[in-house]
Trainee: 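Below you'll find the structure I mean.
Just so you know, residue 1 is the first one in the sequence shown, and it goes up from there. When reading the values below, keep in mind they use all heavy atoms of this one structure, side chains included, and skip hydrogens, waters and symmetry mates.
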Amino acid sequence: MKFVQTLLAATLLGASGYAAAAPNWVGTADYTAAPTASGDEETVGPFDTYDFARGVVLLEEDANDPTVYWGWYQSYVTNHELSTLGVVTAPGLNTNYEITVTAWFKEEVTGPNTFTLVDGGVKLWFDTTPDRNFDTDTGFKDDVILLEGSIIGGAGALFNLGTKSVGFTDLTVSVDSYNTSVFEPDTIAAGSSIFTLRLNDPSDATFLGQIESVMGHSYDGTDIKLAADGYLVMQVPEAETYAMMLAGLGLVGFMVSRRRSAAAL
């Protein structure tokens with residue numbers, strides 16, 4: 001799955017004109033230093049990536065604009081990974097403690113099967129008791145926040161395959177704050193994510209069928225529920241690279257606005 005996601009990311013970045021990614025943050029996470037730690041946690045690392053389990057995305061169409069959707073996502077961490085070595089050992093994860101992820105976002109439809117993300121936020125949560133439950137929409141945003149960021153850009157696509165659809169989304173995250181007692185070194189500044197998306201896939205029917213709400217937002221039968229599998233790579237972009245990235249995102253926004261203005265004439 002990670003290999004497929006990486007290929008999709010490379011395709012998207014190549015099409016958008018971005019040639020180089022920001023350097024990865026590589027460090028450790030001392031979960032015994034979390035504010036609510038009970039003493040049976042551990043220090044994990046070195047690593048640079050959080051790998052998430054299959055999670056759920058709920059999409060709701062904006063009441064005033066059918067080209068805009070509001071979305072909510074939640075899942076949990078299954079592994080710590082180092083890009084050069086693979087999975088990093090963390091025997092206590094999901095046994096003595098858990099790390100969950102929640103996100104909200106706003107996306108705009110840009111074509112029959114494409115969309116861009118124009119706003120949003122993401123949080124990583126630490127809990128001494130693994131208690132998340134997709135069916136009851138509980139246990140994903142309790143205890144303490146380890147890391148918090150803003151979604152500053154992203155794009156994706158869905159492709160129809162018979163009665164089901166598959167796709168992906170690529171996100172750029174600006175890290176606004178994180179627990180410096182847990183993460184070392186204190187140099188995390190950004191992150192990037194690739195998520196694969198599935199709609200109406202029979203393998204997700206049981207998983208999604210029991211979910212009636214995501215992050216407190218109820219499924220009313222007209223909303224869209226998708227299974228999402230992804231990861232977060234933490235980064236330390238150099239100032240020059242980060243400035244170029246933001247300038248590029250600004251240019252994309254300007255071009256979208258210009259096309260809309262032209263279409264309205």
Trainee: Take Asp127 and Thr129 through the side-chain hydrogen bond (donor to acceptor under 3.5 Å, both in side chains) test and state the conclusion after the steps.
Mentor: CA-CA 5 Å; Asp127 192 352; Thr129 304; 4.6 Å; no
Trainee: Determine whether Val57 and Val214 make a side-chain contact, defined as any pair of heavy atoms from C-beta on separated by less than 4.5 Å.
Mentor: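 Result no, sub-4.5 Å side-chain heavy-atom pair not found.
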Trainee: Between Asp220 and Thr222, is there a donor-acceptor pair closer than 3.5 Å when you use the side chain of the first and the backbone of the second?
Mentor: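 It does hold such a pair.
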Trainee: Side chain of Asp137, backbone of Met215: donor and acceptor closer than 3.5 Å?
Mentor: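 Here the side-chain-to-backbone pair exists.
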Trainee: With sequence neighbours left out, what residues match Val182 under side chain to side chain contact (heavy atoms under 4.5 Å, CB included)?
Mentor: Ala29, Tyr31, Ala34, Leu146, Asn179
Trainee: Can you find a pair of side-chain heavy atoms, one from Ser181 and one from Asp30, that are under 4.5 Å apart?
Mentor: no
Trainee: What distance do Glu108 atom CD and Leu117 atom CG have between them, rounded to the nearest 0.5 Å?
Mentor: 9.5 Å
Trainee: Please examine the side chains of Phe126 and Thr36, heavy atoms only from C-beta on, and report whether any two atoms are closer than 4.5 Å.
Mentor: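 With C-beta onward as the side chain, the pair touches.
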Trainee: In the structure I gave you, are the side-chain heavy atoms of Glu42 and Val44 within less than 4.5 Å of one another anywhere?
Mentor: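 A side-chain contact exists here, since the closest heavy-atom pair is under 4.5 Å.
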Trainee: So which of Thr100, Ile145, Thr102, Leu147 actually passes side chain to side chain contact (heavy atoms under 4.5 Å, CB included) with Leu124?
Mentor: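 Result: among Thr100, Ile145, Thr102, Leu147, Leu147 is the only option passing the side chain to side chain contact (heavy atoms under 4.5 Å, CB included) with Leu124.
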Trainee: Main chain of Asp51, side chain of Thr78: is a donor-acceptor contact present, judged purely on distance under 3.5 Å?
Mentor: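 Checked: pair present.
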Trainee: Do Leu161 and Leu208 belong to the same hydrophobic cluster, where Ile, Leu, Val, Met, Phe, Trp and Tyr are linked whenever their side-chain heavy atoms lie under 4.5 Å apart, directly or via other members?
Mentor: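 No, separate clusters.
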Trainee: Tell me whether Leu93 shares a hydrophobic cluster with Trp125, the cluster being built from Ile, Leu, Val, Met, Phe, Trp, Tyr side chains joined at under 4.5 Å.
Mentor: no
Trainee: Taking all non-hydrogen atoms of both residues into account, name the closest pair between Ser218 and Ser213 and its distance.
Mentor: CA-CB, 3.8 Å
Trainee: I'd like to check the ring pair (Phe, Tyr, Trp, His ring centres under 6.0 Å) partners of Tyr76; sequence neighbours left out, ordered by chain and number.
Mentor: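 Tyr76: no ring pair (Phe, Tyr, Trp, His ring centres under 6.0 Å) contacts found.
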Trainee: Tell me every residue that passes side chain to side chain contact (heavy atoms under 4.5 Å, CB included) with Leu199, counting only those two or more places apart in sequence or in another chain.
Mentor: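 For Leu199, the residues satisfying side chain to side chain contact (heavy atoms under 4.5 Å, CB included) (neighbours in sequence not counted) are Ser165, Ile224, Leu226.
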Trainee: Side-chain contact test, heavy atoms from C-beta onward, threshold under 4.5 Å: evaluate it for Phe115 versus Thr169 and give yes or no.
Mentor: yes
Trainee: To the closest 0.5 Å, what do you measure between CG (Leu59) and OH (Tyr219)?
Mentor: 11.5 Å
Trainee: Report yes if some heavy atom in the side chain of Val101 is under 4.5 Å from a heavy atom in the side chain of Val122; otherwise report no.
Mentor: yes
Trainee: Under the criterion side chain to side chain contact (heavy atoms under 4.5 Å, CB included), which of Thr172, Val173, Val118 is the partner of Ile152?
Mentor: Thr172
Trainee: Taking Asn94 for its side chain and Val77 for its backbone only, find out whether a donor-acceptor pair lies under 3.5 Å.
Mentor: yes
Trainee: Which residue pairs pass the salt bridge (charged side-chain N to carboxylate O under 4.0 Å, His left out) test with at least one member in residues 160-169, sequence neighbours excluded?
Mentor: Lys164-Asp201
Trainee: Please report the closest heavy-atom contact between Phe52 and Ser75, naming both atoms and the distance.
Mentor: CB-OG, 4.1 Å
Trainee: Who pairs with Glu98 by salt bridge (charged side-chain N to carboxylate O under 4.0 Å, His left out), at least two apart in sequence or on another chain?
Mentor: Arg132
Trainee: Considering all heavy atoms of both residues, which atom of Pro185 and which atom of Val26 are nearest to each other, and what is their separation?
Mentor: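 Distance-wise, the nearest heavy atoms are CD-O, 3.6 Å.
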Trainee: To check you understand the geometry: which heavy-atom pair defines the closest contact between Phe159 and Ala157, and what is its length?
Mentor: CZ-CB, 3.8 Å
Trainee: Please examine the side chains of Asp142 and Asp131, heavy atoms only from C-beta on, and report whether any two atoms are closer than 4.5 Å.
Mentor: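 Yes - at least one pair of side-chain heavy atoms lies under 4.5 Å apart.
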Trainee: State the OH-CD distance between Tyr178 and Glu148, to the nearest 0.5 angstrom.
Mentor: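 Between Tyr178 OH and Glu148 CD, I get 14.0 Å after rounding to 0.5 Å.
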Trainee: With sequence neighbours left out, write down each residue that passes ring pair (Phe, Tyr, Trp, His ring centres under 6.0 Å) with Trp104, or none if nothing qualifies.
Mentor: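 Not a single residue meets the ring pair (Phe, Tyr, Trp, His ring centres under 6.0 Å) criterion with Trp104.
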Trainee: Identify, with sequence neighbours excluded, every residue that meets salt bridge (charged side-chain N to carboxylate O under 4.0 Å, His left out) alongside Lys141.
Mentor: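 Testing Lys141 for salt bridge (charged side-chain N to carboxylate O under 4.0 Å, His left out), a comparison that skips the adjacent residues, returns none.
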Trainee: Examine distances only and state if a side-chain atom of Asn24 and a backbone atom of Asp48 form a donor-acceptor pair shorter than 3.5 Å.
Mentor: no
Trainee: Can you list the residues that meet the salt bridge (charged side-chain N to carboxylate O under 4.0 Å, His left out) rule with Lys106, with sequence neighbours excluded?
Mentor: none
Trainee: What distance separates Thr89 OG1 from Phe47 CZ, expressed to the nearest 0.5 Å?
Mentor: 13.0 Å
Trainee: Identify, with sequence neighbours excluded, every residue that meets salt bridge (charged side-chain N to carboxylate O under 4.0 Å, His left out) alongside Asp143.
Mentor: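 If we apply the salt bridge (charged side-chain N to carboxylate O under 4.0 Å, His left out) test to Asp143, skipping adjacent residues, there are no hits.
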Trainee: Considering residues at least two apart in sequence or located in another chain, which fulfil the side chain to side chain donor-acceptor pair (under 3.5 Å) criterion with Thr163?
Mentor: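 None.
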Trainee: If you measure from OG1 on Thr49 to CD on Gln235, what distance do you get to the nearest 0.5 Å?
Mentor: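 These two atoms lie 9.0 Å from each other.
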Trainee: Can you name the side chain to side chain contact (heavy atoms under 4.5 Å, CB included) partners of Pro66, sequence neighbours left out?
Mentor: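 For Pro66, the residues satisfying side chain to side chain contact (heavy atoms under 4.5 Å, CB included) (neighbours in sequence not counted) are Glu61.
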Trainee: Go through the steps for Tyr50 and His80 under the test side chain to side chain contact (heavy atoms under 4.5 Å, CB included), then give the verdict.
Mentor: CA-CA 5 Å; Tyr50 280 115; His80 300 70; 3.5 Å; yes
Trainee: Quick one: CG on Asp62 to CD on Glu107, what's the gap to the nearest 0.5 Å?
Mentor: 11.5 Å
Trainee: Of all residues at least two apart in sequence or in a different chain, which pass the ring pair (Phe, Tyr, Trp, His ring centres under 6.0 Å) check with Phe134?
Mentor: Phe140, Phe207
Trainee: Output yes when a side-chain donor or acceptor of Asp229 lies under 3.5 Å from a complementary backbone atom of Thr196, and no otherwise.
Mentor: no
Trainee: Can you check whether Ile211's main-chain N or O pairs, donor with acceptor, with Lys225's side chain at less than 3.5 Å?
Mentor: yes
Trainee: Run Thr180 and Asp186 through side-chain hydrogen bond (donor to acceptor under 3.5 Å, both in side chains) and show every step you take.
Mentor: CA-CA 6 Å; Thr180 56; Asp186 303 340; 4.8 Å; no
Trainee: Got Asp223 and His217 here, is their nearest side-chain heavy-atom distance under 4.5 Å?
Mentor: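 Not touching, per the 4.5 Å side-chain cut-off.
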Trainee: For Ala90 and Tyr97, which heavy atoms make the closest approach, and how far apart are they?
Mentor: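 Heavy atoms only, the tightest pair is CB-OH, 4.2 Å.
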Trainee: Looking at Tyr231, Phe105, Phe168, Tyr73, which hits ring-ring contact (aromatic ring centres under 6.0 Å, His included) with Phe195?
Mentor: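 The residue from Tyr231, Phe105, Phe168, Tyr73 that satisfies ring-ring contact (aromatic ring centres under 6.0 Å, His included) with Phe195 turns out to be Tyr73.
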Trainee: Grab the two heavy atoms, one from Thr32 and one from Ala37, that are nearest each other, plus how far apart they are.
Mentor: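 In this case the closest contact between Thr32 and Ala37 is O-CB, 3.4 Å.
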Trainee: Are Leu232 and Val87 connected in the hydrophobic side-chain network, where two residues link if heavy atoms are under 4.5 Å apart?
Mentor: no
